[in-house]
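Below is one structure, written out as C-alpha cells, with a few remarks after it.
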There are 2 protein chains.
Amino acid sequence: MQSDVVASRSAEHRDSRESKNGTPQLDAVSLGIIEQLQEDGRRPYAAIGKAVGLSEAAVRQRVQKLLDQGVMQIVAVTDPLTVGFRRQAMVGINVEGDTEAIADALTDMAEVEYVVMTAGSFDVLAEIVCEDDDHLLDVINKRIRALPGVRSTESFVYLKLKKQTYMWGTR
Amino acid sequence: MQSDVVASRSAEHRDSRESKNGTPQLDAVSLGIIEQLQEDGRRPYAAIGKAVGLSEAAVRQRVQKLLDQGVMQIVAVTDPLTVGFRRQAMVGINVEGDTEAIADALTDMAEVEYVVMTAGSFDVLAEIVCEDDDHLLDVINKRIRALPGVRSTESFVYLKLKKQTYMWGTR
DNA sequence: CTGAGACTTGCGGATTTCGCAGGAGTGGCG
DNA sequence: CGCCACTCCTGCGAAATCCGCAAGTCTCAG
C-alpha cells in the first residue's frame with residue numbers, strides 16, 4: 001500500500017520554497033495533512049500518517065512547521081451568536097489613498113474578525129463581532145469611519161448564520 | 001485553589017437548557033473551554049480542566065457534547081489561496097420571496113463556504129472558494145443566478161486576505 | 001422522597017505525544 | 001568529484017494523554 005505516495009515523493013522534492021508573496025509552496029503531502037485536519041483537528045498524527053503515507057514523527061514535524069509558518073491554525077470555531085455575541089456585521093469600505101494601510105488598521109482592532117481586500121464596489125470587507133448594538137455602532141462610526149482615508153462604509157448586520165465550513169480539498 | 005470557580009458553579013446550574021431557536025445555552029464553564037480551544041484546538045483536556053476548574057474527565061465529556069451538539073468544531077483553517085484555490089469572492093444577493101430558501105440552496109453548494117442572511121442592501125452574503133476564474137464565473141452566473149427568486153447579485157473578488165481570527169472570548 | 005443529570009475521583013490499559021539519534025537525498029562549492 | 005550543510009524522513013523508548021468505566025456526591029425537579 002501507499003506505494004503511490006511514496007513513489008511520488010522523490011519526484012517533487014522541494015517544499016520549503018517560497019513563492020513571491022512570501023507564502024510557502026505546499027506539496028501534495030502537506031495538502032493531505034491539512035485535509036485530514038480540516039475533517040478533525042484532533043486527529044492523531046499516526047492516523048494522519050497512515051492516510052498520507054508518512055511516519056507519525058514526520059507528520060508531527062510537518063504539522064508543527066505549518067503552524068509555525070502560519071499557513072494553518074488548529075482551532076475551535078463556533079457561531080459567535082451562540083457564544084454570547086449578539087451583533088455581527090459585514091462592513092464594506094471605500095478608501096481613498098492607501099487601501100492596505102486601512103486594511104492594516106482594521107486588522108489591529110479586536111472586534112474585527114476578518115479583513116479582506118477586494119475588487120468591486122468595495123475596497124475592503126471587514127467582519128465585525130460585537131456584544132450589542134451600542135458596541136457595534138461604536139466600532140463602525142467612531143473607530144472605522146474615523147480612520148483617515150475611509151471615504152464611505154456600508155453595513156450588513158447579520159441576521160442568521162447558515163453555513164460555515166472549512167473543508168476545501170475534501171471535495 | 002480553584003475555589004472561585006467551584007463556588008460559582010452552584011449558582012449557575014442550568015446548562016442543557018435550549019433557547020427558542022434550538023441552540024443550547026452555554027454556561028461560563030463551557031465558554032471557558034471553548035476559549036481554551038480557540039487558542040489551541042489540540043490543548044490537552046487536563047490543561048483545559050486546570051484553566052476552567054474542572055476535572056479532566058468532565059472536560060472530556062463537555063467537549064464531546066459540544067461537538068455532538070454542533071456548537072463547536074475543532075478544525076484546521078488556512079488561507080485558501082495558499083492551498084491552491086486561486087479565486088475567492090464574496091457575493092451579495094438580493095432575493096424576492098423566500099430568502100431562507102435561497103440561503104438553504106446556497107448552503108448545499110460545495111463551493112460556498114459561508115452563508116449569512118443579512119439586513120441592509122443585500123439579503124444574503126455568500127463566500128465562494130474556487131479553483132480559477134472559469135470555475136468562479138460558472139458558480140456565480142450558472143448556479144447562483146439560476147436560482148429562482150434571485151433578483152440580482154454583486155461580486156467582490158478577493159485580492160488579499162489580511163486577517164482571520166477565531167478568538168472571541170479571549171478579549 | 002425519588003429519579004435524573006452533572007461532576008468528581010480513581011483507575012488501569014491502550015494510545016498518543018515528544019524528544020532524540022541516526023540515515024538518506026539534495027544542493028552548493030572549491 | 002568529494003565534502004559539507006541542510007532538510008526531511010524513520011525508528012524507538014519514555015512520558016503524557018486519552019478513554020472507558022465504576023462508585024459516590026450534590027442539586028434540582030417532580
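Labels below follow one simple rule: chain letters A, B, ... track the order of the sequence lines, proteins then strands, and each chain is numbered from 1. The basis for the numbers below is simple: all heavy atoms, side chains too, and nothing from hydrogens, waters or symmetry mates. This is a predicted model, so every value here is computed, not measured.
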**Prompt:** Is A/V112 reachable from A/I102 through a run of I, L, V, M, F, W or Y residues, each pair having side-chain heavy atoms under 4.5 Å apart?
**Reply:** yes
Do the rings of A/F122 and A/F156 sit parallel, tilted or perpendicular, given the 30° and 60° boundaries?
perpendicular
query: Any chance CZ of A/R42 has more than 12 other-residue heavy atoms, nucleotides or ligands included, within less than 6.0 Å?
result: yes
A/Q69 CD to D/dT7 C1', in whole Å, measures 13 Å
Expected string for nucleotides 11-18 of chain D under the B/S/- scheme (protein heavy atoms, under 4.0 Å, primed atoms plus P, OP1, OP2 as sugar-phosphate) is B-----SS
note: A/Q64, atom CD; D/dT7, atom P; distance rounded to Å ~ 16 Å
Which of B/D138, B/D132, B/D133 passes salt bridge (Lys or Arg N to Asp or Glu O under 4.0 Å) with B/R87? Answer is B/D133
Between CD1 of B/I33 and P of C/dA6 the distance, given in whole Å, is 13 Å
Exercise. Please check the phosphate of D/dT7 (OP1 and OP2 only) for any side-chain N or O of A/K65 closer than 4.0 Å.
Key: no
- Item | Between B/Y158 and B/E127, a side-chain donor and acceptor under 3.5 Å | yes
note: A/L54, atom CG; C/dT17, atom P; distance rounded to Å ~ 15 Å
Here the distance between atom P of D/dT10 and atom CD1 of A/I48, to the nearest Å, is 14 Å
In whole angstroms, the gap separating P of C/dT16 from CG of A/L37 amounts to 14 Å
dist B/R60:CZ -> B/Q64:CD (nearest 0.5 Å) comes out at 10.0 Å
